[in-house]
Amino acid sequence: KQEVTQIPAALSVPEGENLVLNCSFTDSAIYNLQWFRQDPGKGLTSLLLIQSSQREQTSGRLNASLDKSSGRSTLYIAASQPGDSATYLCASWFSGGYNKLIFGAGTRLAVHP
Amino acid sequence: DAGVTQSPTHLIKTRGQQVTLRCSPKSGHDTVSWYQQALGQGPQFIFQYYEEEERQRGNFPDRFSGHQFPNYSSELNVNALLLGDSALYLCASSRGPSGANVLTFGAGSRLTVL
């Protein structure tokens, strides 16, 4: 069964800290992996898309890596700010299921001043 | 350039009723996918429409049905509503059905079943 797991489920950090969010997947036949941000009661905002041939993507203070052999992806947030507070979701397409994303349950991040 | 538009934003129904949710994809996108997100969980794939056909379906009962129109907009219908159908329903659009294409999500329709 293709599953995506995210740890920790929740994280609270002081402003300015660098932090890492973890995502693991059960099937190495991954096609692409995407990180999203979701504010309370809102839809999803795409942060980074890593294609299967890539190992990482960067956007501003965000860096996402992909290691297919170990079944892991990490989202690194540098110099966290209160505005980064949100739920971060990892999702993947798996080979043979190109048309659907499988999501993790998310990591709820709180950055306090 | 408008993104993905969903309506209504919130609605309340009672058990046994039927509901229709609507989605207009981002300009230039021709593929629409629907996801259900229960409170505290990640979204779960319901189905995807491309070229007015259902291309793939997740693990949802036949009470969940959909449609895509020639202008690429889509509807999600849920019959015989259950309490467990209470969730945020997200629509996502893309340029083509392939997993290589970035999905753009709408803000969602919050359904409460009493």
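By convention in this document, chain letters (A, B, ...) are assigned in the order of the sequence lines, proteins followed by strands, and residues within each chain are numbered from 1.
Atom CZ of Arg61(A) has more than 12 heavy atoms from other residues, nucleotides or ligands within 6.0 Å. At most 12 heavy atoms of other shown residues, nucleotides or ligands fall within 6.0 angstrom of atom CG in Asn59(B). Residue Tyr88(A) qualifies as enclosed at atom OH: its count of foreign heavy atoms under 6.0 Å is above 12. More than 12 heavy atoms of other shown residues, nucleotides or ligands fall within 6.0 angstrom of atom CG in Leu83(B).
No option in Gln56(B), Arg57(B), Arg55(B) other than Gln56(B) meets the side-chain contact (heavy atoms from CB on, under 4.5 Å) test with Lys100(A).
Neither the backbone nor the side chain of Ile46(B) comes within less than 4.5 Å of any heavy atom in chain A. Heavy atoms closer than 4.5 Å to chain A are found in the side chain of Gln37(B), but not in its backbone. For Gln38(A), the part sitting under 4.5 Å from any heavy atom of chain B is the side chain, from C-beta outward, and nothing else. In this structure, the portion of Arg110(B) lying under 4.5 Å from any heavy atom of chain A is its side chain and not its backbone.
Under the 4.5 Å side-chain contact rule for hydrophobic residues, Ile102(A) and Leu48(A) share a cluster. Cluster membership for Leu62(A) and Val111(A), using ILVMFWY side-chain heavy atoms within less than 4.5 angstrom, is shared. Under the 4.5 Å side-chain contact rule for hydrophobic residues, Leu11(B) and Trp34(B) share a cluster. Cluster membership check: Ile50(A) shares its hydrophobic cluster with Leu21(A), using side-chain heavy-atom separations under 4.5 Å among Ile, Leu, Val, Met, Phe, Trp and Tyr.
Shown here for Val102(B) and Ser46(A), the closest heavy-atom pair between the two residues is CG1-OG, 4.1 Å. What you find for Leu103(B) and Gln34(A) is that their closest heavy atoms are O-NE2, 3.9 Å.
Side-chain contact between Leu101(A) and Ser33(B) is absent, with no heavy atoms from C-beta onward closer than 4.5 Å.
Comparing Gly40(B), Ala107(B), Ser94(B) by heavy-atom pairs within less than 4.5 Å of chain A, the highest count is held by Ala107(B).
Between atom CG of residue Leu44(A) and atom OH of residue Tyr35(B) there is a gap of 9.5 Å, rounded to the nearest 0.5 Å. To the nearest 0.5 Å, atom CZ of residue Phe36(A) and atom CG of residue Leu90(B) are 10.0 Å apart.
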